[in-house]
Q: 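Dropping the structure in here first, questions after.
Letters A, B, ... mirror the listed sequences (proteins, then strands); counts begin at 1.
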There are 2 protein chains.
Amino acid sequence: MVTLSEENYLKAIYHLGKQGSVAVSTNAIAEKIESKASSVTDMIKKLAEKDLANYVKYQGVTLTESGRLAAALVVRKHRLWEVFLVEKLNFTWDEVHDVAEQLEHIKSLKLVNELDALLGFPTHDPHGDPIPDKEGNYTLIKSVNILEVEPGNEGVLAQVKDSSDVFLRYLDKNNLALGDKIKVLDFEPFDNSLTIETSSQKMIISNDVAKNLYISL
Amino acid sequence: MVTLSEENYLKAIYHLGKQGSVAVSTNAIAEKIESKASSVTDMIKKLAEKDLANYVKYQGVTLTESGRLAAALVVRKHRLWEVFLVEKLNFTWDEVHDVAEQLEHIKSLKLVNELDALLGFPTHDPHGDPIPDKEGNYTLIKSVNILEVEPGNEGVLAQVKDSSDVFLRYLDKNNLALGDKIKVLDFEPFDNSLTIETSSQKMIISNDVAKNLYISL
DNA sequence: GAATATTTTTAGACTTATCTAAAAATATTT
DNA sequence: AAATATTTTTAGATAAGTCTAAAAATATTC
């Protein structure tokens, strides 16, 4: 049995270490989970004991195959619930995170898979993040950060990296949504801002905003 | 903040004490929650401290108004999730309990109320139990145990008291479902069994089964 | 490459929720 | 109503998960 706390650590390692392949440091996990390094060390030992993580003192941690699968299943549940909340329960994309954070720990294989079916087997959540399948696999969308696009080129907004309320509400307020066609017009070296054009408007976005927008060409 | 454990105790007191009005004994709670009397005493003190329960040493416990409301909200969530699982996710009525037991602790007012709307504001769960509204109120269906019905009379199966897998599967196997019209034909004093007739069959049910069937006339 | 800074681990303490065993209060029996 | 039985509470222990402070290991700087 994997506890709620263990699941949260597995998820943190999974996200920080690119699905668990890259070694993750104690401090990085502590920061992500908002706990202390000493707590992380304790938990990592427990995960290693359960064969969910590979741990060498002072060398950081990676996930084992079963750890990676357990983490992917939590992420799968999180993202499916996010889709459910937006599509079926009228949540906005900035409201879903906290609730999905609770729902991701519900244990029932039937529940996840039926939910998946109810939603029509979605491949991405409301923020454009991919939803792992039952085996923990997903196909990456080949999207690039909008700052790497040469002025003159265009693409479709495919993913947003920051999922905080403020950022998502900024996008709503400025009429930017996943799936929108965006053309990059100009990069301003003075403040690293970007001028972009959508079907409805021409606008300037700050570097802080641009860093979080990913488009597929 | 009410913890998961506290919610389970509130629910037990709510159910054992007829929505919290009747004093409930320590041992009764321990049995319901499958814990020990000493653990119950500890928890009751905590609930009293938080003004969720009224507690006098050796005299049992009742719920305060805020305790009653908190308990009713947990029950509301439990029963709404059960309806969701059966109506939207193809669960059978004997599969819902364990999952609903987890889902009932998810904290989000918006979630409960949107779920309620998605399901069309149901008044009863798949076992015929009433679903409390936002204020914790519900209207009782006036149903009677089938053993109290005089032979010759008939009614509609409105509620089943036992919600264990085995019992619910027994009903499925024998084609008995909520809403079925049932006529009581004969009571057998030797083993207290009952002969009943539905639209599809005539059958004998044991006293153990009859005790759990409630019909509205 | 020695000195300093940072990161990580260890040791010990705290909280929540649980338990067992013993003591205290209440209920039941004769 | 005294003796016995049952219920409830208290006292002290345990496990999970967290913390602070100090020690140990690794990284960085001069």
Side-chain angles (χ1 to χ4, degrees), chain A residues 1-17 20 22-63 67 70-71 74 101-102 104-107, chain B residues 1-17 20 22-63 67 70-71 74 101-102 104-107:
Chain A
M1 243 286 296
V2 183
T3 69
L4 188 146
S5 253
E6 288 167 355
E7 285 191 341
N8 283 333
Y9 278 90
L10 288 173
K11 201 175 47 147
I13 299 168
Y14 181 85
H15 282 137
L16 289 169
V22 177
V24 175
S25 78
T26 303
N27 263 357
I29 298 171
E31 193 185 347
K32 181 117 193 170
I33 256 162
E34 294 183 311
S35 67
K36 295 300 156 81
S38 56
S39 308
V40 175
T41 302
D42 285 349
M43 184 57 87
I44 290 174
K45 285 182 185 168
K46 253 181 64 182
L47 294 177
E49 203 121 310
K50 290 188 173 186
D51 196 42
L52 294 165
N54 307 112
Y55 172 54
V56 184
K57 266 191 196 178
Y58 295 102
Q59 305 304 143
V61 63
T62 59
L63 295 180
V74 174
E101 204 76 355
Q102 300 176 61
E104 71 188 6
H105 300 293
I106 302 292
K107 282 165 183 50
Chain B
M1 244 284 296
V2 184
T3 69
L4 189 146
S5 253
E6 287 167 355
E7 285 191 341
N8 283 332
Y9 278 90
L10 288 173
K11 200 175 47 148
I13 299 167
Y14 180 86
H15 282 138
L16 289 169
V22 177
V24 175
S25 79
T26 304
N27 262 357
I29 298 170
E31 194 186 347
K32 181 116 191 171
I33 256 162
E34 292 183 312
S35 67
K36 294 300 157 78
S38 56
S39 308
V40 174
T41 302
D42 284 350
M43 184 55 88
I44 289 175
K45 285 181 185 169
K46 253 181 62 184
L47 295 177
E49 204 122 308
K50 290 188 174 186
D51 196 41
L52 294 166
N54 307 111
Y55 171 54
V56 185
K57 265 191 193 177
Y58 294 103
Q59 306 304 143
V61 64
T62 58
L63 295 180
V74 175
E101 204 76 359
Q102 300 177 63
E104 71 188 7
H105 300 292
I106 303 293
K107 282 165 184 49

Q: Between B:Asn8 and B:Glu104, is any pair of side-chain heavy atoms under 4.5 Å apart?
A: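 Contact flag for B:Asn8/B:Glu104 side chains = yes.
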Q: In whole angstrom, what separates B:Lys45's NZ from D:dA11's C1'?
A: 10 Å
Q: Compare every heavy atom of A:Leu63 with every heavy atom of A:Asn54, then report the nearest pair and how far apart it is.
A: OD1-O, 3.5 Å
Q: Looking at D:dT26, C:dT18, C:dT10, which one has an atom nearest to any side-chain atom of A:Gln59?
A: D:dT26
Q: If the cut-off is 4.0 Å, is B:Lys57 near the phosphate of D:dT10, judged by side-chain N/O to OP1 or OP2?
A: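 Indeed, a polar side-chain atom of B:Lys57 lies that close.
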Q: Is the phosphate of D:dT10, meaning OP1 or OP2, less than 4.0 Å from a side-chain N or O of B:Thr41?
A: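 No.
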Q: Hey, does A:Glu7 have a side-chain heavy atom less than 4.5 Å from the side chain of A:Leu4?
A: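 The answer is no, as the side chains (C-beta and beyond) never meet within the 4.5 Å cut-off.
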Q: Between atom CE in B:Met43 and atom C1' in D:dT9, what is the gap in whole Å?
A: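 B:Met43 atom CE is separated from D:dT9 atom C1' by 16 Å.
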Q: Please state how far atom CD in A:Glu31 lies from atom P in C:dT6, giving the value in whole angstrom units.
A: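 Rounded to the whole Å, the gap is 15 Å.
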Q: Round to the nearest Å and state the distance from B:Glu6 atom CD to C:dT15 atom C1'.
A: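 About 13 Å, once rounded to whole Å.
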Q: I need the CD1-P distance between B:Ile29 and D:dT8, as an integer number of Å.
A: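 Checked: the CD1 to P distance equals 9 Å.
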Q: Heavy atoms only: give me the nearest A:Tyr55-A:Thr41 pair and the separation to one decimal.
A: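 Closest approach of A:Tyr55 to A:Thr41: OH-CG2, 3.8 Å.
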Q: Measuring only between side-chain heavy atoms, which start at C-beta, is A:Val40 closer than 4.5 Å to A:Ile33?
A: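 When only atoms from C-beta onward are counted, A:Ile33 and A:Val40 do not touch, as no gap falls below 4.5 Å.
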Q: Using purine N1 to pyrimidine N3 plus N6-O4 or O6-N4 for Watson-Crick, or N1-O2 and O6-N3 for G-U wobble, both under 3.5 Å, which nucleotide pairs with D:dT10?
A: C:dA21
Q: Starting at atom OH of A:Tyr55, determine the distance to atom P of C:dT8, rounded to an integer number of angstrom.
A: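 Nearest whole value for this atom pair: 9 Å.
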Q: Please report the shortest heavy-atom distance between A:Glu101 and A:His105, naming the atom on each side.
A: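 Taking every non-hydrogen atom into account, O-CD2, 3.2 Å.
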Q: If you compare all heavy atoms of B:Gln59 against all heavy atoms of B:Ala23, which two are closest, and at what distance to 0.1 Å?
A: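 Minimum heavy-atom contact is O-CB, 4.1 Å.
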Q: Could you tell me the separation between the CG atom of A:Leu4 and the C1' atom of D:dA16, rounded to a whole number of Å?
A: 12 Å
Q: Ignoring backbone atoms, establish whether B:Asn27 has a side-chain N or O less than 4.0 Å from OP1 or OP2 of D:dT8.
A: yes
Q: How many whole angstroms separate atom CE of B:Met1 from atom C1' of C:dT15?
A: 14 Å
Q: Report each atom pair, protein N/O against N/O of nucleotides 19-23 of chain D, whose distance is under 3.5 angstrom.
A:
residue: D:dC19; atom: OP2; partner: A:Lys36; partner atom: N; Å: 3.1
residue: D:dC19; atom: OP2; partner: A:Ser39; partner atom: OG; Å: 2.5
residue: D:dT20; atom: OP2; partner: A:Lys36; partner atom: NZ; Å: 3.1
residue: D:dT20; atom: O4; partner: A:Ser38; partner atom: OG; Å: 2.9

Q: Distance check: side-chain N/O of B:Ser5 vs OP1/OP2 of C:dT18, anything under 4.0 Å?
A: yes
